[in-house]
Amino acid sequence: MSNSKLENKTSYRPSWFKRWDIHQRIQHIIMIIGFLTTAVTGLPIKYHAAGVSQKMSLFFGGYDGLIFWHKIGALIIFTSAGYHLLYWFYMALVKKKVSWAMVPTLQDAKDLIQNFKYYFGKVDRPAQYGRYSYKEKFDYIAVFWGMIAIGATGLMMWFPDSIAQYIPRWVIDCARMAHSDEAVLAVTFIGFIHFYNTHFVADFFPMHKTWWTGTMTLGEMEHEHPLELKKIKQNEEAATLEEIDDTDILANSKWTKNKPFLIIEFIIWGAILIRFLSTFLPHGLH
Amino acid sequence: MKISNPLVTIVFLLLVVLIMSLGDYALANSQKEAELNEIKVTREENAKCLRCHGAKGLKTTYEGKTFSLYVDEKNFLDSIHESNSCTTCHVGMTDYPHSKLIFGQQFKIQANKQCQACHQDVNVEYQVSIHGKLAAGGKQNALCSDCHGSHNIFKKDDQRSQVYPANQVKACVQCHQEKWESYNWVIHGKAVALGSKNPPTCAVCHTSHNIFGPNDPRSSISKTNTPKTCSQCHLNAPANFTEGIEHYTLTPEGKNAPMYYTYKLFTWLLISVITFFLIHIELDIFRRIRNTKK
């Protein structure tokens, strides 16, 4: 799946690396739609006593409407997952290109440690990533985990009479717990962590575009996936790369060195951390 | 037999039929009129009671306790029993000053005994139920008015009714408070709270008038009957539905334990993963702020 192709247009136009093909982008978009639908209908059910939940319930047509659209959202997520698995088989069996890019390695642990050293000022450079950073790998694998922890338990609750032919009913009660809390984890993770990594990093605020365009500039590649760029350079003509106009948008990003912007971000994410802990620590400790 | 004038005979017979049907009609109408008249009289009588009892704040004391004597007049006149006379239930209050006064629990029991007069079919079920047995023993218990109300009785599909599905749970919780939390926490309670059209209220599983204790084989939630009860909504409810408790609480004991530990495990997973990554983000931003100093 490593389709990084160099397309040399003219020496004055930026060159684009193909990062995600059309299938990957569509899978991601379907996932967004399914995820939003299940989140928006699931949260009012989990926190049904809240005033906003009652309002959401009315909007969807009462509990029956909420659960109907929740199931639709689940089917949309299953569609994205199914599409992705078919894509795997297609790439492996037809295109004969198997990618292990998402598999965690020891290097990821080293990258994490290097980053923490960098944050505390012990080293000068942050970790240099290959095709996928450990953050992106975590995001991807977490969805697999979610398909089991949330998807399978959701199916158990959707068809309790069928599943209870094989398992005692208390397992379904535990499934409710897993489903509900893992869903909160997923929504919190996507909403605050994934969204920081894709929208609120100062270098590409307000939004990193690759999920939509499928491409990255040379500058982005150098900044975010330098080891992958190195591999590509080794496979391509070195000369063609040097002719290319280096539009390093990141050096021009007006937010990267904007101290007030960064301080506001620091405060907001700090507030999120405090609010999060004050909400959920009591549940863990009581 | 030879009829002298056929035409006259036919007209005569038609007149007889006409008069008889008019009579029938008149009789039915007069029955209805009598009923309406009766209701009119009842309403006039009730208005007399309501002249005092419709006054907000009307109360009395007896043996050191205060009893409200106020009846919400508008509510009562909207309710389904407004065409009943007050004295149907409050027998003995036919005179003023009220000579046959009773108070508190005794008063309640007496009034509730009158429901049987019209609602005999339900009463039969109720008398053998656990609520009925406790009532017969004079114990503080679910009498008719505890669930259905007294002066605000509406049909159960009326939103104002105390046994309208969305309201019905509150009626049971008056006594069975310890069940509220465990019920409200699971999907059945949520469906009711969020306005489901087929809400699984207490009465759906436990029935309303023939409730038995859980160890009674006649109970709708006995081990043998539970699958059938669940089948009202869960079409294929197998025997496994009885393996585990319906009203579980999050405590580490006994049958509650699996749910409790699952809850704790996933709560801590949530806390640790999100906290770790939020700290990661904060440190990232922190280093970036320091980088702006260059």
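Note that the structure is a prediction, hence the values are computed from the model and not measured. To find a chain, count down the sequence lines: A is the first, B the second, and so on, and within it residues start at 1.
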Problem set entry | Residue among B:Leu283, B:Thr262, B:Thr267 with most heavy-atom pairs under 4.5 Å to chain A | B:Leu283

Exercise. Could you give all pairs that pass the side chain to side chain donor-acceptor pair (under 3.5 Å) test and reach residues 151-163 of chain A, with sequence neighbours left out?
Worked result: A:Thr153-A:His179

Problem set entry | Residue selection (most heavy-atom pairs with chain A, distance under 4.5 Å) from B:Ile187, B:Asp284, B:Leu265 | B:Asp284

Exercise. Relative to chain B, which segment of A:His194 carries a heavy atom at a distance below 4.5 Å: side chain, backbone, both, or neither?
Worked result: neither

Problem set entry | Derivation and outcome, side chain to side chain contact (heavy atoms under 4.5 Å, CB included), residues A:His208 and A:Glu220 | CA-CA 10 Å; A:His208 196 292; A:Glu220 284 173 319; 4.0 Å; yes

Problem set entry | Region of B:Tyr248 in contact with chain A, defined by heavy-atom distances below 4.5 Å | side chain

For this session: Given side chain to side chain donor-acceptor pair (under 3.5 Å), test B:Lys59 with B:Thr66 step by step and report yes or no.
Result: CA-CA 7 Å; B:Lys59 56 184 186 282; B:Thr66 310; over 6 Å; no

For this session: Fit a plane to each ring of B:His206 and B:His247, take the angle between them on a 0 to 90° scale, and name the class: parallel (under 30°), tilted (30 to 60°) or perpendicular (over 60°).
Result: parallel

Problem set entry | Test: B:Arg288 cationic atom under 6.0 Å from A:Trp255 six-membered ring centre, within 45° of axis | no

Exercise. Pick from A:Tyr134, A:Phe200, A:Phe159: which one has the most heavy-atom pairs with chain B under 4.5 Å?
Worked result: A:Tyr134

Seminar exercise, completed: Under 4.5 Å to a heavy atom of chain B? For A:Val201 that would be side chain

For this session: Could you check which of B:Cys230, B:Gly195, B:Ala193, B:Pro238 has the highest count of heavy-atom pairs closer than 4.5 Å to chain A?
Result: B:Pro238

For this session: Name the region of B:Lys197, side chain, backbone, both or neither, that has any atom closer than 4.5 Å to a heavy atom of chain A.
Result: both

Seminar exercise, completed: So, the part of B:Val186 with a heavy atom under 4.5 Å from chain A: the answer is both

Exercise. Under the criterion side-chain contact (heavy atoms from CB on, under 4.5 Å), which of B:Ile274, B:Thr275, B:Ile281 is the partner of A:Leu273?
Worked result: B:Thr275

Problem set entry | Per-residue contact mode, B:Ile245 against chain A (heavy atom under 4.5 angstrom) | backbone

Exercise. What residue, out of A:Leu58, A:Ile167, A:Asn115, A:Ile67, has the most heavy-atom pairs lying under 4.5 Å from chain B?
Worked result: A:Ile167

For this session: Return the option, out of A:Tyr166, A:Phe261, A:Phe120, A:Phe192, with the maximum number of heavy-atom pairs under 4.5 Å with chain B.
Result: A:Phe120

For this session: I would like to know whether B:Ile289 and A:Glu265 meet side chain to side chain contact (heavy atoms under 4.5 Å, CB included); could you show each step before the answer?
Result: CA-CA 10 Å; B:Ile289 293 173; A:Glu265 279 204 334; over 6 Å; no

Problem set entry | Which of A:Trp269, A:Phe280, A:Phe266 touches chain B most, by non-hydrogen pairs under 4.5 Å | A:Phe266

Exercise. Tell me, do B:Thr207 and B:Phe212 make a side-chain contact under 4.5 Å, heavy atoms counted?
Worked result: no

Problem set entry | Side chain, backbone, both or neither of A:Pro126 within contact of chain B (heavy atoms, under 4.5 Å) | neither

Seminar exercise, completed: Answer key: most heavy-atom pairs under 4.5 Å with chain B among A:Trp170, A:Phe189, A:Phe116, A:Tyr118 is A:Tyr118

Seminar exercise, completed: Whatever's closer than 4.5 Å to a heavy atom in chain B on A:Leu277 counts as side chain

Exercise. Got a sec, which residues hit side chain to side chain donor-acceptor pair (under 3.5 Å) with B:Glu82, two or more places apart in sequence or on another chain?
Worked result: B:Arg43

Exercise. Judged by atom type as modelled, is there a donor-acceptor pair below 3.5 Å linking the side chain of A:His225 to the main-chain atoms of A:Gly130?
Worked result: yes

Problem set entry | Closest-packed option against chain A by number of heavy-atom pairs under 4.5 Å, given B:Tyr263, B:Phe286, B:Tyr260 | B:Tyr263

For this session: Measure across B:Ser161 and B:Lys156 and return the closest heavy-atom pair with its distance rounded to 0.1 Å.
Result: OG-CA, 3.8 Å

Seminar exercise, completed: Residue from A:Ala49, A:Gly62, A:Pro168 scoring the most non-hydrogen pairs under 4.5 Å with chain B is A:Pro168

